[in-house]
Structure formats: C-alpha cells, structure tokens
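Only heavy atoms go into these numbers, but all of them, side chains included; no hydrogens, no water, no symmetry mates. Chain naming here is simple, since letters A, B, ... match the order of the sequence lines and numbering starts at 1 in each. If you're wondering where the values come from, they're calculated on a predicted model, not measured in any experiment.
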Amino acid sequence: MPELPEVETTVRGLERVLLDRRIERVELRRPDLRRAMPEGLGQRLTGARVTGLRRRAKYGLIDTDREDTLVFHLGMSGRWRVDPSEVEKHDHVLLDTDDGHRVALNDPRRFGSLDLVRTSELDAWPAFAALGPEPLDISGRELRARLQGRSAPIKALLLDQRIIAGLGNIYVCEALYRAGIHPTRAGGSISLARLERLATAIREVLVEAIAAGGSTLRDFASPAGELGYFSKTFAVYDREGRACTCRSTVERIVQGGRSTFFCSRCQR
DNA sequence: AGATATTCCTGGAGGC
DNA sequence: TGCCTCCAGGAATATC
C-alpha cells in the first residue's frame, strides 16, 4: 500500500511525462473516489500546463500555470498508470498531455482522493493545515517536543499525521524496530537519546525505500506500470511468527485497530 | 483535549 | 468448485 516512499516514487514517475506539458484532455470515469471529485475539475484542468510535481506527507501535488494544484492521495490501493495500453477497470481519471502521453489514476478500493486547491492557499487547506513536519527532516529534539506529555503508545503517535506527517503502518513498525523501541511505550516517556535513534531510523528506512523505488505489498505499481518491480524485505512488518535476526520470534499485537509487528527481545 | 471507535471500499485469503 | 467471512489500509468523524 502506498506510503511516503511510494508517493515519492510516483511523483518522480509522473514528472517524467507531465512536467511542462499541457493537459489536453481530462476524462472523469466516475463522480467520486473517497469523496466527490472537485467541482469543475475537468474545465479547470483542461488546457492547463503542469509547472511542477511535489510531495507533502503522503499527498502528491501537481502544480499548474493556472495557480491550481491537483492534490492526490493514493489511499491504500491507488496508483498512477503511465501510458496504459488500454483503459482498465478502476481507472477513474485519465489525463492526456499535448505530446500524446496519458496517465490514469487507478484505485480499486477508492480510499484515495483528488482535490483541486488554489496553489497559494495550500498551506491553509484543511487537510494540510494541521500536518506535522516531514519525516525525512525530523530530528530527535523535534520528536521530543511533539511527544511531550503524551501518554499514548509511541506506535499510535507516530501514525498521527499531526505529530509527524507521512508515516504509515509499515514504516512505523520498521522504524520502531530499528530504533529498538517497544511499540507500547508511552510517547512522552522516551528519552532524548532514544528519540535521536528513532529520528535516524525513520529517515533511514524511508531513504532506503525511496532509493529502492518504493516498496510494495499486493497492490502498488510504479507509475511505469510494472507491478511489484521492487521487493523489499521487512524486518518485522507482516512477519508474525517468523524469526527475527536475533532468533526470537516476531509478534503481532493490535493497537488502535491496527496491527503492530515487533520483536520483544530487540524492542524495549 | 486526549484517546479510542467507527466509517468508507474492494479484492484477496482462508475456512468449510 | 463456490460461497462465506474476515481483514487490510488512511483519514475524517463521532463518542467517550
């Protein structure tokens, strides 16, 4: 499922075909994803030139010369298909460029979203206004400041986009494992030294996944369409009952309705 | 206000 | 083989 590394990879893939191109045609193949499609999406996008592609947290941003930014979230099964040979089931939006390329937003489970936001108003846009800092820039000190006084388990706090924006279940589990921190530990009770380790672990695990092209479970495809073109082996995620490198066994618990995978010998 | 539960949706997995 | 139930995920919303 797409997390920050997959979104980063997707944005870089889309950049290859969309940057500086004019969007010649927009086809909406259904009226909604998770929510209704933005008002006037087709008209506002048709004829616009793409001036930049960016990522914020788990959102991809497509800036245009009309001062509009198309903001997409891939949910858990979304992907952009680049130059698909044919339209497939669950291709919900098609964008055709002036030089003959096509990108298709495919999302079987429709947990994703599309929004068109005035570029100058992005920071105040409700979904963005409360977002915490980017995990790739996070420091131990900043983590400490944001976890101060919080009694909830560190696992749940790291998934809270207001505290740190862009981590999902997979990378939270992996980062906590690397940092040797038990997922049930109260966020506010972790020492600065261990939070420094955690900040480093978060940055490292994301950088490695981005370098590898975004990890994949069942339903992520790169923008070029090759399914499962990257396979990363997780240390703990989805490895319940299997051996940790310490020869102990990876455990699974449920926190806030989400599975947490960890090694109780390596994580304290 | 902080913590937790519920909702959305589909396809894949596993049970019988 | 087919039908059934369960589960995965992020974010918005509701409720304690």
| field | NZ/NE/NH1/NH2 to OD/OE distance under 4.0 Å, A/D107 and A/R79 | value | no
| query | Nearest-Å distance, CD (A/E240) to P (B/dG14)? | reply | 13 Å
| said: Rounding to 10°, can you tell me the angle the first-five-pair axis of the helix from B/dG2-C/dC16 to B/dC16-C/dG2 makes with its last-five-pair axis? | reply: 50°
| request: Starting at atom NE2 of A/H92, determine the distance to atom P of B/dC8, rounded to an integer number of angstrom. | output: 17 Å
| query | Salt bridge check: are A/D160 and A/R162 linked by an N-O gap of less than 4.0 Å? | reply | yes
| query | Which nucleotides of nucleotides 11-16 of chain C have their base under 4.0 Å from a protein heavy atom (B), which only their sugar-phosphate (S), and which neither (-), written as one string 5' to 3'? | reply | BS----
| task | Indicate, with a heavy-atom threshold strictly under 4.0 Å, whether A/R30 touches base, sugar-phosphate, or nothing. | result | nothing
| field | Spacing of CG belonging to A/L74 relative to NZ belonging to A/K58, to within rounding of 0.5 Å | value | 11.0 Å
| task | To the nearest Å, give me how far apart CZ (A/R79) and C1' (B/dT10) are. | result | 14 Å
| Between A/L61 and A/V11, is any pair of side-chain heavy atoms under 4.5 Å apart? | no
| Rounded to whole angstroms, how far apart are CD on A/E88 and P on B/dT10? | 17 Å
| field | Length of the CZ-C1' vector between A/R110 and B/dG11, whole Å | value | 13 Å
| message | Does A/R265 have more than 12 heavy atoms from other residues, nucleotides or ligands lying within 6.0 Å of its CZ? | response | no
| query | Is it true that A/D63 and A/R54 have a side-chain N and a carboxylate O under 4.0 angstrom from each other? | reply | yes
| request: Could you state the atom-to-atom distance from CG of A/L158 to C1' of C/dG10 in whole Å? | output: 15 Å
| request: Please name the pair of heavy atoms, one in A/L33 and one in A/H92, separated by the smallest distance, quoted to 0.1 Å. | output: CD2-CD2, 3.3 Å
| Should the heavy atoms of other residues, nucleotides or ligands under 6.0 Å from CG of A/D99 be counted, would the total exceed 12? | yes
| query | Atom CG of A/D107 and atom P of B/dT10: how far apart are they, to the nearest Å? | reply | 10 Å
| request: Return no unless some side-chain N or O of A/R109 is found under 4.0 Å from OP1 or OP2 of C/dA8. | output: no
| query | Within this structure, what is the CG-to-P distance between A/L105 and B/dC9, rounded to whole angstrom? | reply | 17 Å
| request: Name every residue in residues 136-152 of chain A that has at least one heavy atom under 4.0 Å from any atom of DNA chain B, in order of residue number, or write none if there are no such residues. | output: A/R150, A/S151, A/A152
| Are A/E8 and A/R12 close enough for a salt bridge, meaning some N to O gap below 4.0 Å? | yes
| said: Are more than 12 heavy atoms, taken from residues, nucleotides or ligands other than A/R141, located less than 6.0 Å from that residue's CZ atom? | reply: no
| query | When you check the phosphate oxygens OP1 and OP2 of C/dA8, does a side-chain N or O of A/S259 lie under 4.0 Å from one of them? | reply | yes
| Shortest non-hydrogen contact from A/A235 to A/E174? | N-OE1, 2.9 Å
| query | Looking at A/H90, does any N or O in its side chain come under 4.0 Å of the phosphate oxygens OP1/OP2 on B/dG11? | reply | yes
| query | Hey, does A/G256 reach any base, or is it just sugar-phosphate, or nothing, if we go heavy atoms under 4.0 Å? | reply | nothing
| field | Where A/Q161 and A/L167 come nearest, the two heavy atoms and their spacing | value | NE2-O, 3.1 Å
